[in-house]
Amino acid sequence: SESCEMFCYKRSNVCSERGLQFTSINSCDAMRAMYNCSSCVAHRNRNWAPGFNATDKVCYINVMYNASALPNCTIWAKHVARLCPCVPLDKYYEPTVAFHNVSHTR
């Protein structure tokens, strides 16, 4: 059990949080293709999902119900193998917020 951040890092890649949220990786079809799931459950409070719980053989996907439950790259859970969107460092791009200098006059 490790975070996607660590899983990707060990392979000289970076985890894409957008990839966890907005690609087909967060689907029962993707989970079943990688793991021997006894069932696949859409859950709204599993920010480590998509993942496979090795104890009960259940695959979980995240329904992204609210911001605090969004899947992210740093979370890990005991007995859970995560399906991680690893991207090569030279191909990785996630937009950043631009900061603007605001001057105040009196």
Please find the pair of heavy atoms, one from Met6 and one from Ser3, that lie closest to each other, and give the distance.
N-OG, 3.1 Å
How far apart are the closest heavy atoms of Ala30 and Ser24, and which atoms are they?
CB-O, 3.3 Å
Euclidean distance, His43 NE2 relative to Asn62 CG, rounded to 0.5 Å
9.5 Å
Assess the side chains of Asn72 and Thr74: does a donor N or O sit below 3.5 Å from an acceptor N or O?
yes
Do side-chain atoms of Ser16 reach the backbone of Pro85 as a donor and acceptor pair under 3.5 angstrom?
no
Note: Asn26 and Leu20 closest approach over all heavy atoms is CB-O, 3.5 Å
Shortest non-hydrogen separation from Ile61 to Ser27 and the atoms involved
CG2-C, 3.5 Å
Verdict with reasoning, Cys40 to Cys28, per disulfide (SG to SG under 2.5 Å)
CA-CA 6 Å; Cys40 186; Cys28 287; 2.1 Å; yes
Please say yes or no: joined through hydrophobic side-chain contacts below 4.5 Å, possibly via intermediate residues, are Val80 and Tyr60 part of one cluster?
yes
Assess whether atom CG of Asp56 is packed by more than 12 heavy atoms of other residues, nucleotides or ligands within 6.0 Å.
yes
Check the SG atoms of Cys84 against those of Cys4: under 2.5 Å or not?
yes
Measure from the side-chain N and O atoms of Ser39 to the backbone N and O of Val58, and report whether any donor-acceptor pair falls under 3.5 Å.
no
Where does the angle between the aromatic ring planes of Tyr35 and Phe52 fall among parallel (under 30°), tilted (30 to 60°) and perpendicular (over 60°)?
parallel
Any residue meeting salt bridge (Lys or Arg N to Asp or Glu O under 4.0 Å) with Lys78, in chain and number order, not counting sequence neighbours:
none
Mark yes or no for whether Arg82, through its side chain, and Trp76, through its backbone, hold a donor-acceptor pair below 3.5 Å.
no
Measure the CD-SG distance between Glu5 and Cys15 for me, rounded to the nearest 0.5 Å.
7.5 Å
When rounded to the nearest 0.5 angstrom, what distance separates CG in Leu83 from CD1 in Ile25?
4.0 Å
Nearest-0.5 Å distance that lies between atom SG in Cys73 and atom CZ in Arg18
12.0 Å
